[in-house]
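Reminder, nothing fancy here: chain letters follow the sequence lines and each chain counts from 1.
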There are 2 protein chains.
Amino acid sequence: MTRKRNANRNAGAPTLADVARLAGMSEITVSRVVRNQGPIADATRTRVLAAISQLGYIPNRAAGSLASAASTLMTVLLPSLSNIVFPDVLRGIHTAITETGFQSVIGVTDYDPLIEERILLSFLAWQPAAVILAGLHHTPTARKHLEQGRFRVAELMDIDGDPVDIAVGMSHRQAGYETGRHLIERGYRRFGYAGHMLISDDRAKARYQGLCEALREAGLSLVGEMRVPGGGSTIAGRELLEKLLAAHPDLDVVIFPNDDMAMGGIFYCIHAGIVIKERLGIFGFNGLDIGQAMPLPLSTILSKRFLIGKTAAEKLLESRERPPEKTIINTGFDIIEGATA
Amino acid sequence: MTRKRNANRNAGAPTLADVARLAGMSEITVSRVVRNQGPIADATRTRVLAAISQLGYIPNRAAGSLASAASTLMTVLLPSLSNIVFPDVLRGIHTAITETGFQSVIGVTDYDPLIEERILLSFLAWQPAAVILAGLHHTPTARKHLEQGRFRVAELMDIDGDPVDIAVGMSHRQAGYETGRHLIERGYRRFGYAGHMLISDDRAKARYQGLCEALREAGLSLVGEMRVPGGGSTIAGRELLEKLLAAHPDLDVVIFPNDDMAMGGIFYCIHAGIVIKERLGIFGFNGLDIGQAMPLPLSTILSKRFLIGKTAAEKLLESRERPPEKTIINTGFDIIEGATA
DNA sequence: CTGTTAGCGCATTCAA
DNA sequence: TTGAATGCGCTAACAG
């Protein structure tokens, strides 16, 4: 009685061996049919497929990964899920990997490089085929693993820096700079900034710096500036603008780090009877649909989040090998004129 | 030369055997330390841990899963990522599983039971410890696998039906009904509905039916009703309300299937100079933050999406076994009075 | 086009 | 408290 295989734990879940027996073929042939790999005679394939569907066979990917030292998993580490921005990126990724057989394992880092490192290491245990993360800023340990691993790496959102393999995104510094230029050209001179304190949001920081640079070049500077704790919501934007204007009543334009907060600013203006654009310009970032659906469409910058996710995943799936040289893909951004600045 | 182990493919990635050799212990002892399982002498643990960190050992979970016929993966199938609702659920799930060692594999079904089935089967190949999906409505094949699998199952959002193991959510039919009652009590009589055509959005359908029931009980019925193709956005809500009012100028309240569309309705009213609440009531569903940040906070129903995700994941992690009996957890909902109805 | 052999890295089972 | 033997289910590398 050496019938040990499949006699105990998996309680009936059919294996390759079961399929092979039923089809009268060897295991490896069945395996080839399942993976669509190597030459298979049509008749063979048909028989195997019939056996598979008769048994309801589902391949065991743990075994497959172990044997091949590779998986079909794509590790995705996102800073947050609260803002629609990262779900949009995720949508792009899923659009690209659907039908490819790849699957995503998601981690949320809360904008913390240490959490990112911890999650990354625990996810590497699955031998992922690719790793996607946000930003170019990681702990030294994380960076080391990213550089030495047997998987491809894409860093999203930001392109101002030195990527491991592939960076897909836009220059946030430039976006901030263009925001400044755009508003100066429209005659605004007394600039305010209503931000948040997400110290690890490198992108918001880069935009802020770009903005300041544009002002400096024009002989201007921020007249007033305030920040809320945390990540910044519509409510926060609303309350913050009230405080900012109380301290600096002479501002003629206020820039927010994102559309959510900017919409809060708009709502405050409506509430307080401030004439938007003429009396006070409002400018956001992201280009959310809802901002464009408002009676006064928000003036903002469209970041191409879906495209970033989709492009990155497609690029990663192009080859199984690590790219020989680094690639930077600039998806750019669009200034949305809007009606608020 | 039979030194085959680890001589080729994994190119140096240390294994249990390497750690064991360095620590001067057997593999199984190292394994026990890694998994925090079974009795280990403190001195032993210390030595093993030192060896692990010296080598930078990362356990291979494919091997672990294969050997133990179980994984630390949690399969999550969501209908969509476009609306913040499901990312909110996902946030709740991640809040519950962070620190537990469990990891989520995400699939997006696009509200299609057939896609759900396909993704489910491909994910089962990883032998997940638990499966989370939305709604109680699945294909017969999917249902069969859910019932027979060696994993726990949670069905989210909806509780009107017969769950596989655990259902966590609210009664959408009741939410629709309460919406109707609430508005009738406030004196509204000429009801309109501005919906979408997501035929597979069972929840929206249930709310619609509950609403109609409340109207019927009061001797009323929908005066006008229109639907946009697709899932319904703020823009769509705005355009749809315009059309609906053109066809039925005498409506005194309009219900939308979600806050996004309802906000579009509000924007249309502002644009068209319609006095909200007095002349036309607007009612949504979801209780999004942004709706509450508006100058006129949206009247709506707060669905507890984060709580649903968190509760479900916690419940699933309570035990490794399938529950002996079915559980339904009603997270309820709150009517938000708002200022628009 | 198909099959044989030999592990992948770990956890279970039993023994000490 | 620790260890030895064995196999989880699959695939790489060859051979035929």
Would you please confirm or rule out a distance under 4.0 Å between OP1 or OP2 of C:dC1 and any side-chain N or O of A:Thr44?
no
Within the structure, does a side-chain N or O atom of B:Thr29 lie under 4.0 Å from either OP1 or OP2 of D:dG3?
yes
Whole angstroms only, please: what is the CD1-P distance between B:Ile58 and C:dC10?
11 Å
Does C:dA11 have its OP1 or OP2 closer than 4.0 Å to a side-chain nitrogen or oxygen of B:Arg35?
yes
Would you indicate which nucleotide in C:dC10, D:dT2, C:dT2 comes nearest to any side-chain atom of A:Ile40?
C:dT2
State whether the side chain of A:Ser71 and the backbone N or O of A:Gln127 hold a donor-acceptor pair below 3.5 Å, judged by distance alone.
yes
In terms of side-chain heavy atoms of A:Ile28, which of C:dC10, D:dT1, C:dT4 is nearest?
C:dT4
Please check this pair: side chain of A:His94 against backbone of A:Lys310, looking for a donor-acceptor N/O pair closer than 3.5 Å.
no
Atom pair distance, as rounded to whole Å: CG in A:Leu66 and C1' in D:dG7:
12 Å
Among C:dC10, D:dG9, D:dT2, which nucleotide sits nearest the side chain of B:Glu27?
C:dC10
Expressed as a whole number of angstroms, how long is the span from A:Gln127:CD to C:dC8:P?
13 Å
B:Arg143 and B:Thr139 side chains, donor-acceptor separation under 3.5 Å:
no
Quickly work out the A:Met25 CE to C:dC1 C1' distance and round it to whole Å.
9 Å
Looking at D:dT11, D:dC10, C:dT2, which one has an atom nearest to any side-chain atom of A:Ser31?
D:dT11
Taking CZ from A:Arg47 and C1' from C:dT2, how many angstroms apart are they, rounded to a whole number?
12 Å
In whole angstrom, give the distance that lies between atom CD1 of A:Ile52 and atom C1' of D:dC10.
13 Å
Distance only, no hydrogens: is a donor on one side chain within 3.5 Å (strictly under) of an acceptor on the other, for B:Glu117 and B:His138?
no
Between D:dG3 and B:Ser26, is there an OP1 or OP2 to side-chain N/O distance shorter than 4.0 Å?
yes
Pairing of A:Arg322 and A:Asp165 as salt bridge, 4.0 angstrom limit
yes
Separation of A:Arg21 atom CZ from D:dG9 atom P, in whole Å?
11 Å
Of B:Arg32 and B:Ala63, the one whose nearest nucleotide on DNA chain D sits closer to the 5' end is B:Arg32
Euclidean distance, atom CZ of residue A:Arg61 to atom C1' of C:dC8 [Å, nearest integer]
15 Å
For A:Leu16, report the nucleic acid contact type (base, sugar-phosphate, nothing); a contact means any heavy atom under 4.0 Å.
base
